[in-house]
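Quantities reported herein were computed from a predicted structural model and do not represent experimental measurements.
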Amino acid sequence: MEEKTKQKDSREHLLYLAWMASVLSMFGSLYFSEIREFVPCTLCWYQRILMYPFVIILGIAVIRKDYKITFYTMILSGFGACISIYHYSKQKLASIFESSASCGPVPCTGEYINWLGFITIPFMALVGFIMIFTCSLIIWKKTKEMNE
């Protein structure tokens, strides 16, 4: 009985951590676009489209302690991570993507920030998606184990 209580507590903390990652990602992107006035490129918009709903979905899941939602958040965060990896690769491996078409009025290869030589906006989005995916995967596995 005590083991199940510990697992429930850890799942609740992980769900909260995933929600916090989505909130920080959302406010981070809004800071860069609204305060620093960086115009997002097309791939940035796709990442936002996938990240912003997590604030609501995971927020409701935290309140309701709904661990079943993690199956869906794993899938969406996986897609978001793939877009972030592609975008980051497009920035850092620009020579490979030189022949690719422009992705909109703002080039996806542009780097508004480049902290420590590797931290860019798509990299930060990738970290957010990976955090959500990892938390969701652990919660999903623990929930599955508890139901067996």
Side-chain angles (χ1 to χ4, degrees), residues 1-36 38-93 96-97 100 103-104 106-148:
M1 182 69 175
E2 191 175 312
E3 182 64 33
K4 283 190 175 186
T5 308
K6 285 182 183 178
Q7 283 185 336
K8 284 183 184 180
D9 289 344
S10 68
R11 290 185 308 164
E12 189 174 340
H13 288 55
L14 286 168
L15 194 61
Y16 184 74
L17 180 64
W19 177 71
M20 284 304 300
S22 69
V23 169
L24 287 172
S25 296
M26 182 187 75
F27 281 121
S29 73
L30 289 172
Y31 167 77
F32 285 126
S33 64
E34 300 303 317
I35 295 172
R36 300 282 303 269
F38 297 158
V39 178
C41 70
T42 302
L43 290 174
C44 286
W45 277 114
Y46 293 154
Q47 291 166 83
R48 286 177 177 206
I49 288 167
L50 287 168
M51 183 61 76
Y52 286 13
F54 284 131
V55 175
I56 296 168
I57 293 168
L58 289 169
I60 292 169
V62 166
I63 293 167
R64 296 183 66 205
K65 294 179 181 35
D66 181 8
Y67 305 114
K68 294 177 185 170
I69 197 70
T70 56
F71 178 75
Y72 304 106
T73 57
M74 268 192 310
I75 294 168
L76 288 174
S77 60
F79 283 126
C82 289
I83 293 171
S84 294
I85 289 168
Y86 175 71
H87 191 185
Y88 187 67
S89 299
K90 205 165 178 166
Q91 282 184 334
K92 293 299 181 182
L93 306 171
I96 294 173
F97 293 100
S100 65
C103 66
V106 177
C108 293
T109 55
E111 295 181 24
Y112 287 117
I113 63 166
N114 191 2
W115 298 330
L116 303 174
F118 71 97
I119 300 173
T120 63
I121 295 172
F123 181 83
M124 289 188 281
L126 176 62
V127 170
F129 283 122
I130 288 173
M131 285 182 68
I132 293 168
F133 181 86
T134 304
C135 290
S136 298
L137 179 64
I138 294 168
I139 294 167
W140 181 71
K141 281 186 172 185
K142 285 184 178 189
T143 302
K144 198 172 173 185
E145 287 172 4
M146 290 177 75
N147 291 335
E148 289 178 353

Heavy atoms from other residues, nucleotides or ligands near OH of Tyr16 exceed 12 (cutoff 6.0 Å): no

For the student: nearest non-hydrogen atoms of Lys90 and Cys108, plus distance: CD-CB, 4.1 Å

Heavy-atom check, side chain of Asp66 versus side chain of Ile60, under 4.5 Å: no

Minimum side-chain heavy-atom gap Lys65-Arg11 below 4.5 Å: no

Backbone N/O of Thr120 and side chain of Trp115: donor-acceptor pair under 3.5 Å: no

Polar side-chain atom of Gln91 near backbone of Gly110 as donor-acceptor pair, under 3.5 Å: yes

For Met74 against Phe133, the heavy-atom pair lying closest together: O-CD1, 3.2 Å

Any donor-acceptor N or O pair under 3.5 Å, side chains Ser84, Gln47: yes

Full working for side-chain contact (heavy atoms from CB on, under 4.5 Å) between Leu58 and Ile132: CA-CA 10 Å; Leu58 289 169; Ile132 293 168; 4.2 Å; yes

Euclidean distance, Ile139 CD1 relative to His13 NE2, rounded to 0.5 Å: 11.5 Å

Donor + acceptor pair across side chains of Ser33, Arg48 (<3.5 Å): yes

For Val55 against Trp19, the heavy-atom pair lying closest together: O-NE1, 2.9 Å

Main-chain N/O of Phe118 paired with Tyr88 side-chain donor or acceptor, under 3.5 Å: yes

ring-ring contact (aromatic ring centres under 6.0 Å, His included) contacts in which one or both residues fall within residues 39-65, not counting sequence neighbours: none

Heavy-atom neighbours of Ile49 CD1 exceed 12 at 6.0 Å: yes

